[in-house]
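The next block holds one structure in the form of structure tokens; read it before the comments.
Quick note: numbers below take in every heavy atom, side chains included, and nothing from hydrogens, waters or symmetry partners. Everything numeric in this text was worked out from a predicted model, so none of it was measured. Whatever order the structure lists them in is the order used to number ligands and atoms, beginning at 1.
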Amino acid sequence: MADAAREAAARLIAAGQAHLVAHAQGLGAGGPAFLAAAAAWPWEALSTAAQATAPARLELRPPRGLTWRRQVGEGGLRARLARLGLGLLAHGRVATLLLAGGQGTRLGHAGPKGTVELGPDPGRTLYRVHAERVLAARRRHARPLPAFVLVSPSTEAETRAAYAEAGDYGLRTPPPRILVQGVLPCLDREGRALLAGPGRLATAPDGHGGAFEALARAGVLEELVAQGVDVLTTLQVDNPLARPFDPVLLGWMVERRAQVVTKVVRRRDPAEPVGLLVRDVRGRHHVVEYSEVDPEAAAPLPYGSIAVHAFSTRWLLEQWAAGTRLPLHRALKTVEALGPDGRPAPVEGVKLERFLFDLFPHAERVEFHEVPREWEFAPIKTASGPDSLVRARLMVEAEVRRWHRERGLGEPEAPALRPLELDGAEPHDGPAPGAA
Ligand code: UTP
């Protein structure tokens with residue numbers, strides 16, 4: 001064995017991954033390259049995270065002192081916020097990032113979730129719906145508001161193909177930019193690396209928090225700051241009601257000189273699987289992953305995150321430059337991997353993920369903006385049930401009908417999901433400059 005391979009093997013053995021060294025010995029000429037690649041991972045940190053139980057860093061309390069609901073409803077504040085947000089949009093100071101790197105295992109759709117068809121027209125996929133909202137905002141504000149799409153190695157090829165085939169869904173000036181997030185190894189419940197095949201580690205996308213690193217490494221944060229884009233919004237591909245350029249959300253950024261503003265809804269029930277808004281012992285508000293909170297402690301928490309965030313681009317860039325990195329969380333999942341007998345099999349394993357909301361504790365000024373869930377939150381997580389495609393279709397249809405009513409246009413023709421109707425403007429948004 002050459003020196004480099006010997007060193008790599010020693011590192012792996014010291015990190016509790018001796019089975020990878022044994023595996024490399026059966027790979028013949030490919031062994032040293034496999035050892036070198038495997039030894040580059042920080043196994044101690046990964047296996048500690050894989051075996052960690054829920055973090056003890058927060059004492060969970062219901063949120064308090066958040067007055068956004070009353071404020072927004074009263075005294076013209078909503079209109080004022082919308083005006084501030086419209087000001088940002090009118091100067092082209094906002095960009096948006098669609099998070100589409102997840103594997104969508106619960107839904108079981110073949111292909112990236114963005115290729116799920118919402119309808120009613122054939123080919124009207126989630127990618128198209130999100131693009132329609134961006135297009136509508138570009139038209140309305142007469143600005144080339146930049147749009148990015150986060151993919152992972154699990155979704156990249158099919159997403160690129162879908163965008164290419166659809167002519168980027170009409171997003172031409174500028175075209176959408178695809179960013180690729182990283183992956184992390186999958187481990188077994190004892191913290192040992194799993195193999196996907198001979199000479200291949202099992203890996204999975206590094207969570208929606210991987211967006212932070214992907215944006216920074218691609219130089220996007222620097223570019224946006226240099227172009228005078230102050231705010232980046234992020235939304236999830238599986239929520240067709242998510243609004244990429246909501247003036248009220250953006251207005252909070254200006255009003256409070258916030259580094260982060262994020263949308264929350266009243267939880268549907270005490271068991272709803274959404275990020276939970278909690279208060280820590282110092283009175284600061286955070287979002288924590290529902291699967292890390294004991295169900296009894298989670299039950300009385302009234303607000304959930306819908307994962308629509310607005311970030312100051314300058315603040316994100318500063319955080320990256322200052323060395324802020326997001327922590328690892330473990331999710332207990334079935335991983336397709338080589339079983340103990342060396343044959344492919346579903347293994348009860350661990351996927352490691354980073355969460356975008358773990359940036360919040362680094363900010364001095366975070367605002368939580370409550371929105372009506374029926375207007376803004378139609379998550380598509382499972383094939384049936386309350387977070388299903390069928391339910392999301394009904395919610396988007398209800399949105400279109402509401403807009404028709406509010407504009408005095410009467411009832412739209414069924415089915416009420418026609419693309420042109422998704423112009424994204426709410427009555428309280430106020431008129432955009434140049435709008436009729
Ligand atoms: P979820 O955590 O619901 O995961 O992602 P998922 O992949 O859609 O579904 P499951 O858990 O495997 O069933 C919420 C959003 O974050 C994005 C997803 O694409 C979705 O829009 N995401 C998730 C990423 O962009 N990257 C990731 O690594 C994970």
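- For the pair E353 and ligand 1, the shortest N or O to N or O distance does not fall below 3.5 Å.
- The nearest pair of heavy atoms linking Q181 to S152 is CG-CB, 3.6 Å.
- Closest to atom 14 (C) of ligand 1 among all protein heavy atoms lies Q236 OE1, 3.3 Å.
- At a heavy-atom distance under 4.0 Å, only side-chain atoms of K333, from C-beta outward, approach ligand 1.
- At least one heavy atom of G104 sits under 4.0 Å from some atom of ligand 1.
- The atoms of ligand 1 that sit less than 4.0 Å from any heavy atom of A100 are 19 (O), 25 (O).
- Within the listing of ligand 1, atoms 7 (O) sit less than 4.0 angstrom from a heavy atom of Q103.
- Checked against the 6.0 Å centroid criterion, the rings of H208 and F355 qualify as a close aromatic pair.
- Distance from atom 2 (O) of ligand 1 to its nearest protein heavy atom, with residue and atom name: R106 NH2, 4.3 Å.
- Contact atoms of ligand 1 toward Q181: 24 (C), 25 (O), 26 (N), 27 (C), 28 (O) (distance under 4.0 Å to a heavy atom of the residue).
- The shortest contact between atom 21 (O) of ligand 1 and any protein heavy atom is with L99 O, 2.8 Å.
- With hydrogens and angles disregarded, no donor-acceptor distance shorter than 3.5 Å links the side chain of D206 to the backbone of R354.
- Looking at P205 against ligand 1, both its backbone and its side chain come within 4.0 Å, counting heavy atoms.
- Checking K113 against Q236 by side-chain atom types alone, no donor-acceptor pair falls below 3.5 Å.
- Summarising the local packing, CD of E190 is surrounded by more than 12 heavy atoms from other residues, nucleotides or ligands at distances under 6.0 Å.
- Ring pair F34/H23: centre-to-centre distance below 6.0 Å.
- Polar contact check, G101 against ligand 1: a nitrogen or oxygen pair lies under 3.5 Å apart.
- Of all atoms in ligand 1, listed by their number and element, those nearer than 4.0 Å to a heavy atom of K381 are 1 (P), 3 (O), 14 (C).
- Using modelled atom types and a 3.5 Å distance limit, the side chains of T115 and Y127 yield no donor-acceptor pair.
- Considering backbone and side-chain atoms together, G102 places an N or O closer than 3.5 Å to an N or O of ligand 1.
- Listed here is the closest heavy atom pair of P270 and R267: O-NH2, 2.9 Å.
- Distances from ligand 1 to the non-hydrogen atoms of G207 include at least one value under 4.0 Å.
- Annotation for P205 and Q103: closest pair CD-CD, 3.5 Å, computed over non-hydrogen atoms.
- The protein heavy-atom contact nearest to atom 12 (O) of ligand 1 is T105 OG1, 2.6 Å.
- Inter-residue side-chain proximity for L150 and L98 is flagged as unmet; no heavy-atom pair is nearer than 4.5 Å.
- For ligand 1, the atoms lying closer than 4.0 Å to a non-hydrogen atom of K113 are 6 (P), 8 (O), 9 (O).
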